[in-house]
Amino acid sequence: MSATETPAAPGVYIGQRVPRKEDARLLTGKGVYVDDVSVAGMLHVAFHRSPIARGNIKSIDLSVAKQLPGVHAVLIAADLARYKVDMLSFFLAAPVVPVPVLAIDCVRYVGDPIAIIIAEDRYIAEDAAGLITVVYDEEDPVVTMDEAKTGALVHPQTDSNIAAATGTEDPDEELEALLNNAPHLETVEFKHQRIAQSPMETRGVVSAPQGAEELTIYLSCQGPQLNARWFAQAFGMPQTSIRVISKDVGGSFGLKGQPWREEVATVLASMLLKRPLKWIEDRLENLTSACQAREQEIKLRAAFDKEGNLIASHAEYSINNGAYPQGADSNIAVMMFIWGAHKLPKFDFYSRGWFTNTVGLSAYRGPWAIESLTREVLLDRAARKLGIDAVELRKRTLLRREDQPCTTNMGLELEDISPAECLDVLLTKVDVTAFRIEQAEARKQGRYLGLGIATYIEPTAGSTGIAVLISESAHIRIEPTGKISAVVSTHSQGHGTQTTMAQVVAETLGVKFDDVSIHEDDSSRGGYGSGAYGSRQAVAGGGACIGAAKLLVDKIKKAAAHLLNTTPENISMREGIITVSGDKPQSVTLRDLADIAYGEPERLPEGMEAGLEVQFRYRPPPITMTSAAHACIVEVDADTGFVKIKRWVSSEDCGVMINPSVVEGQIAGGLAQGIGSVLMEQVSFDARGNPTAVTYKDYMLPTIFDVPTFEYNHDASMPSKADGGFRGVGEGGCIVGPPTLVNAIADALAPFGEIKLEFPMTPTRLLAHIEGRPEIAEHAKPVVAPVPEPTVATTPTVAPVQNVFSPSAPQEQIAAPAAVQIDGNWKFVLSTPLGPQAFTGRMSTDGNNLTGVFIMNMDEAHFTGTFKGNHLVWDLKVTKPMKITLKYEAHIDGDKLLGKCKMGIFGTAKLVGERIP
Amino acid sequence: MSQHQINLTINGRPHCSTVEGRLTLSDFLRGDAGYTGVHVGCEHGVCGACTVIVDGNAVRSCLMLAVQADGSKITTVEGLAADDGTLHPVQQAMKDECALQCGFCTPGIVMTLTALTNCANKPSGDTLVQAMSGHICRCTGYQGIKRAAMKLGGDAA
Ligand code: FES
Ligand code: FES
């Protein structure tokens, strides 16, 4: 507790450093992680995986493996085929290309699971995995994004390796003119390495079928409700029959948001064998076959006037989706937030996600974090060139509280972001002038100190757009014992929500913190909620707990007033004691009231339901934002290239804090991961797609020596608009950490010129920069032919070959007059940033006019447009998730339709259609 | 597979088991003996989550075979708190300093700190922090672990 914090008044828990309820069991070895679960009759699972990145399976010989004593079964895709499983994304959308549970006919990455072995123990299962022989017809893999752009199709059924795309590649000429004619154009371009989320507990599942229609799944995951819903929808089983239990989880960071191939295969095998099965991923599997994140490349251009004001900007971005991403993604959030907090008149972008023969993409803490890294590095570089102080440049470009409410050019509605205000507070803690003097002195002695500053904003809980994240449920019961149980759809993988939600419940209800237990580990106990996702739990879960507790307070007051012959306004409750104010004060305990509510409900007011329990579902405001500014000071050893972080100060607006220790824990954990991604972590592949960092000796994680002691400042905090005033902090450290550190390293090494943006910034790389020698290339050079920069006022650029939105038919065909059949029923798939959306529709024609309707989720959307030959155009106005006019353009070729949909700020999405009866 | 009989003491209780030669001590402690507080994070000696005390020394149980533990005295994280539930000073320091989030790395860290603070020559806070370099924690950024180690070494955090 810092000196400024005073002990709380009784009954006040929100804002207090309350010790965690979780710690007693976790410190004594009594936590229950999935590998601690044992079910009678349980067998163990291992996988046989592909040793090559790409090829066709010619034959599989399981005979030797099956004969090994202790082996119960060896299954391949065909054995599981009796179950129809539709693998879904986290948003519960269908994938762009079908994801097989086990490899069918071909393998798409090293580690692709081919066979599942079920044996008495894991040792035998692994032995058997080694006895399987698969003969392949090996093909050259597409490993990097550069290769994806020009190489063979990863999935032959697709028309390009573009898994997802947003924005447009057609240059906006007005924007290009602004960029090219500006007094200063700054460009930052780099590749970001792939990261393994690396929770210390790997993935794992115990699947226990109970009869034909019931399934209990113990799962290491981010939320049992969402995962139960995922299994129910993917398996086409009623959700009532699927129960997901997830008590303690050893970290996740995005990896365990949803089940994936191995968990699903284990569950299917357990259904087939009618035996409980356990699969615990080992670290080799985790570093090679668990989905990964962050392999990206970005080019950001930003134009400034001489004073440092932003004029315009353009971003071009790619992300490696691997072979089977958990939702094909071009990461629209990067574009939403890259200038989300800045005064920028004009912005455009083009983003693509690429299929490759590598393990698939999944979420990782702050999946869009590259936006902050890119922008903050660009601002520092621009500042150096413009001769403006880097802090001053941020002050000029950042929106302040008084500039809001406003809407950004990406349609983000801002009300209360405060990175500029956080920066103000930060500068009261970090004396930049004094540092510059110290830095100059140090340089004279050959020591290289650097200061890095970065700001960011982070969206946390929101209630628009993403259907699986809209609301959160809390069910609170005063038990007959007078103790309080709350079932909340939050979930902890270290977040401490059993503590923070109890703080909120205890304070709002007026009971002792120690009397409250929070349950969030069992999908059958509570209502739907997504669990830990997108830093949302404080806002969404906290709001749900407040809402439920308030309803319960109402009931308690009414019941107590009735029993004590007074009115509810005269009743108050503190620490579980119900008191009547007024001339003859009386009190009863909550326990007394519970006895009556459950045992003698006839004594309750007329018509009041027996018992003392309520349920509430909270829908948070459309979006809640957290802001921060960070500074760090490093020293780079010019002899070794080693970076020593000497000081790190954070200043954030995280709203009302439920528990400052938990808040600081989240910031610190995120920063440590950010440090790891800048300095050491890297998933790498050789040219054949073989992973080359497969243990923690090669995949380096930060240790206690790599992470400094962090200083926190919460002074810039203002309550959010959400109930309780909370803001989320889960991901921020991982977003703002990297630019803060990179800027510090760049500042330290400025005497040697601008550092190369190559990640991770290992001592070898930094030393090469310091010594001014070319570095030994770690990666093969890109094999693509250079694409000319789009220029203004020239002839229109030729569409690149890989244009996903270009109709595949030759242009002439569009204009060719032909008897085209438009009228009738169609089914469509629109590739939106949230995944493909399928819907049906009808179209009819009259003269050159087109009318139609799209039907989706019992909702109809009507449109009108025109057509000429087989070329159709129409507009569709929608109001959800925001008011926007969708501009469609398509052409029909027989029974097929191919086109695109301009979705305003979300860029352009591909539309495919097929005639149906 | 070869089967071997081993006799050892775990958290003060005698155990007699027949194990395969290749069974790791960590898998033996978790599975056969039921001490699931022993966590396996990497199985190759890097993360430290599996650390237990064998005859007074902090040992990575994933790098030792169960048969090698024959005749030894082992303490796991389950063996530290008093019967009445009072936490061991190391556990208490970890709790007071918010040194854990998910708790997966925690047992190993607790066991290393316990082995070192049990030594006759009391290590300094810095020595304890140094020892923590052999443990990986992905959640906390080591802030509370550092404070707990300093505190246990008698140094202000
Ligand atoms: S599991 Fe033994 S050191 Fe990681
Ligand atoms: S607390 Fe999660 S790994 Fe350390």
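Chain letters run A, B, ... following the sequence lines, proteins first, then strands; residues in each count from 1.
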Which answer fits A81(B), side chain, backbone, both or neither, if we ask what part of it has an atom under 4.5 Å from a heavy atom of chain A?
side chain
Atom group of H88(B) that falls short of 4.5 Å from chain A, counting heavy atoms
neither
When the 4.5 angstrom heavy-atom criterion is applied to Q143(B) and chain A, the contacting part is side chain
Could you tell me which portion of L701(A) (side chain, backbone, both or neither) has an atom closer than 4.5 angstrom to a non-hydrogen atom of chain B?
side chain
Taking C102(B), G37(B), G85(B) one by one, which has the highest count of heavy-atom pairs under 4.5 Å against chain A?
C102(B)
Choice from C42(B), P107(B), C98(B) maximising heavy atom contacts with chain A below 4.5 Å:
C42(B)
Under 4.5 Å from any heavy atom of chain A - which part of L23(B)
both
Region of T140(B) that comes under 4.5 Å of a non-hydrogen atom in chain A:
backbone
Should the pair Y696(A) and H44(B) be assigned to parallel (<30°), tilted (30 to 60°) or perpendicular (>60°) ring geometry?
perpendicular
Is the closest side-chain donor-acceptor distance between T490(A) and E520(A) under 3.5 Å?
yes
Verdict with supporting geometry, D126(B) and S124(B), side-chain hydrogen bond (donor to acceptor under 3.5 Å, both in side chains):
CA-CA 5 Å; D126(B) 282 337; S124(B) 68; 5.2 Å; no
Taking the six-membered ring of Y218(A), is NZ or CZ of K247(A) closer than 6.0 Å to its centre and within 45° of its axis?
no
